[in-house]
Amino acid sequence: MACLEDRLKACEEKIADLMGKEKTMVAFSALAEYGGAHGPFDGDTTLVYNTLIANVGDAYNTSTGVFAAPVAGVYCFILSYHAGGHQIAKLTLTKNGEPIVATSDHKSDADTADNGGNAAVLELKRGDQVYVRLAAGAHVWAGNQHTSFSGFLINQM
Amino acid sequence: MACLEDRLKACEEKIADLMGKEKTMVAFSALAEYGGAHGPFDGDTTLVYNTLIANVGDAYNTSTGVFAAPVAGVYCFILSYHAGGHQIAKLTLTKNGEPIVATSDHKSDADTADNGGNAAVLELKRGDQVYVRLAAGAHVWAGNQHTSFSGFLINQM
Amino acid sequence: MACLEDRLKACEEKIADLMGKEKTMVAFSALAEYGGAHGPFDGDTTLVYNTLIANVGDAYNTSTGVFAAPVAGVYCFILSYHAGGHQIAKLTLTKNGEPIVATSDHKSDADTADNGGNAAVLELKRGDQVYVRLAAGAHVWAGNQHTSFSGFLINQM
């Protein structure tokens, strides 16, 4: 009897583990909505995407623009922007202060609108912070649902 | 004995539940292929991405351009476009008639080609519809595998 | 007793199967970093994204630029590029020699910088190869973390 009971107990523990991992959902999307052009500013600033599309797991903060990983794992992040052409545009996906991927455009009188974006897969520890920095002197178009930041947990570790 | 049997039955039910969720795969990618410039049209229209790259779960319809969520869950959508510069370009990812994220470019004689895209994470109920609207007066380049729409289930709810 | 033991054995096997699938993590991100403009070259070449951001599962090769699927499944790939405007830009996501999605821009004196990207969901067999081709005569900006290639396993099959 002990043998069967031990095996059953092991099964129960593994199932609880699998169900716990399966329940961990982390996924967000947010827009920068400030009624139009946002920037340029004197220094580098964190772009606060202030309008939520989704925030499953509540890991993205619309007041600070910072995503903090609630569990260790592999995450994917995607950013897209629109900007007028009369100023530079430059956004950098940043992890704990370290630049990961960037997207930018030159100033141009001839081309009145710019689009850009980038994406990255990141291994994060619990508490790691991921956000987007807007470079000094750069602007983006923060209106009409054009400039967004999304992320989601691919696999818990 | 009843006790062991009850525990075993509970295990079996949880495993069936886990395996069912694990089997639910929803992921598609499609291209708009109309041999070149597509649009402009007088009114807003749904952009029908008519050429499949993948359609696991068969939730995207190549005749209507509409993705219908087969299960409640968290999904990710990504769209990318190319367009000539001599007309405006504007695409809006739309959920049940509600605009979610957009990407656009101005008309320009100087810049002869435009690229853009956007992405969003969405919480969907079963049956929710997601598609891309091409704005009145806008065009995209629907050729050479440049203009695409993809989506996939991140987590079933 | 045989009955309970058989059922328990079936549970153990299914749990092992679920845990095996759950442990299969495949996700990478890499940058093309060659100190600035990369190309144009006479013929089509594979763009070697030579600088890793992440390589969970070790399926992307930074020497060849080739991702080889370690397990059959549904994968997502995303590419983003920046380029100067004085040459054409053209990248094609390619699976075993077959073009899947492309992103490009014209040569332009007026627009000094171009951005573009594309994404696709692909069903892959074990060993299928996915990579990005840079077209003959095209260039990209391979510097400052602007030009990236990412992919991850959505579901194992």
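Since we're looking at a predicted model, the values are computed, not measured. To find a chain, count down the sequence lines: A is the first, B the second, and so on, and within it residues start at 1.
Ranked by non-hydrogen atom pairs under 4.5 Å with chain C, the options Glu12(B), Lys23(B), Met19(B), His82(B) are led by Glu12(B). Residue with the most contacts toward chain B among Ala102(C), Gly116(C), Ala10(C): Ala102(C) (heavy-atom pairs, distance under 4.5 Å).
How far CG of Asn115(C) is from CG of Asp114(B): 11.5 Å, rounded to the nearest 0.5 Å. Interatomic distance, CD of Glu5(B) versus CG of Leu8(C), reported as 12.0 Å (0.5 Å rounding). Rounding to the nearest 0.5 Å gives a distance of 4.0 Å between CD1 of Ile15(B) and CD1 of Ile15(C). The SG atom of Cys11(B) lies 11.5 Å from the NZ atom of Lys14(C); values are rounded to the nearest 0.5 Å.
Residue contact with chain C, scored on non-hydrogen atoms closer than 4.5 Å, involves the backbone and the side chain of Leu18(B) alike. Interface residue Ile78(C): only side-chain heavy atoms are found under 4.5 Å from chain B. In this structure, chain B has a heavy atom under 4.5 Å from the side chain of Tyr81(C), while its backbone stays farther away. Val101(C) touches chain B through backbone and side chain together, each having a heavy atom under 4.5 Å away.
Other residues, nucleotides and ligands contribute more than 12 heavy atoms inside 6.0 Å of the NZ atom of Lys21(B).
Glu123(C) places a side-chain heavy atom less than 4.5 Å from the side chain of Val56(B).
Between the side chains of His146(B) and Thr103(C), not a single donor N or O lies within less than 3.5 Å of an accepting N or O.
Of all heavy-atom pairs spanning Asp105(C) and Ala113(B), the tightest one is OD1-CB, 3.5 Å. Contact between Ala119(C) and Ser29(B) at its shortest, heavy atoms only, is O-OG, 4.5 Å.
Every pair passing side chain to side chain donor-acceptor pair (under 3.5 Å) that includes a residue from residues 37-52 of chain B is listed here, sequence neighbours excluded: Thr46(B)-Arg133(B).
When the heavy atoms of residues 147-157 of chain C are compared with those of chain B, the residues falling under 4.5 Å are Phe152(C), Ile154(C), Asn155(C), Gln156(C), Met157(C), listed by number.
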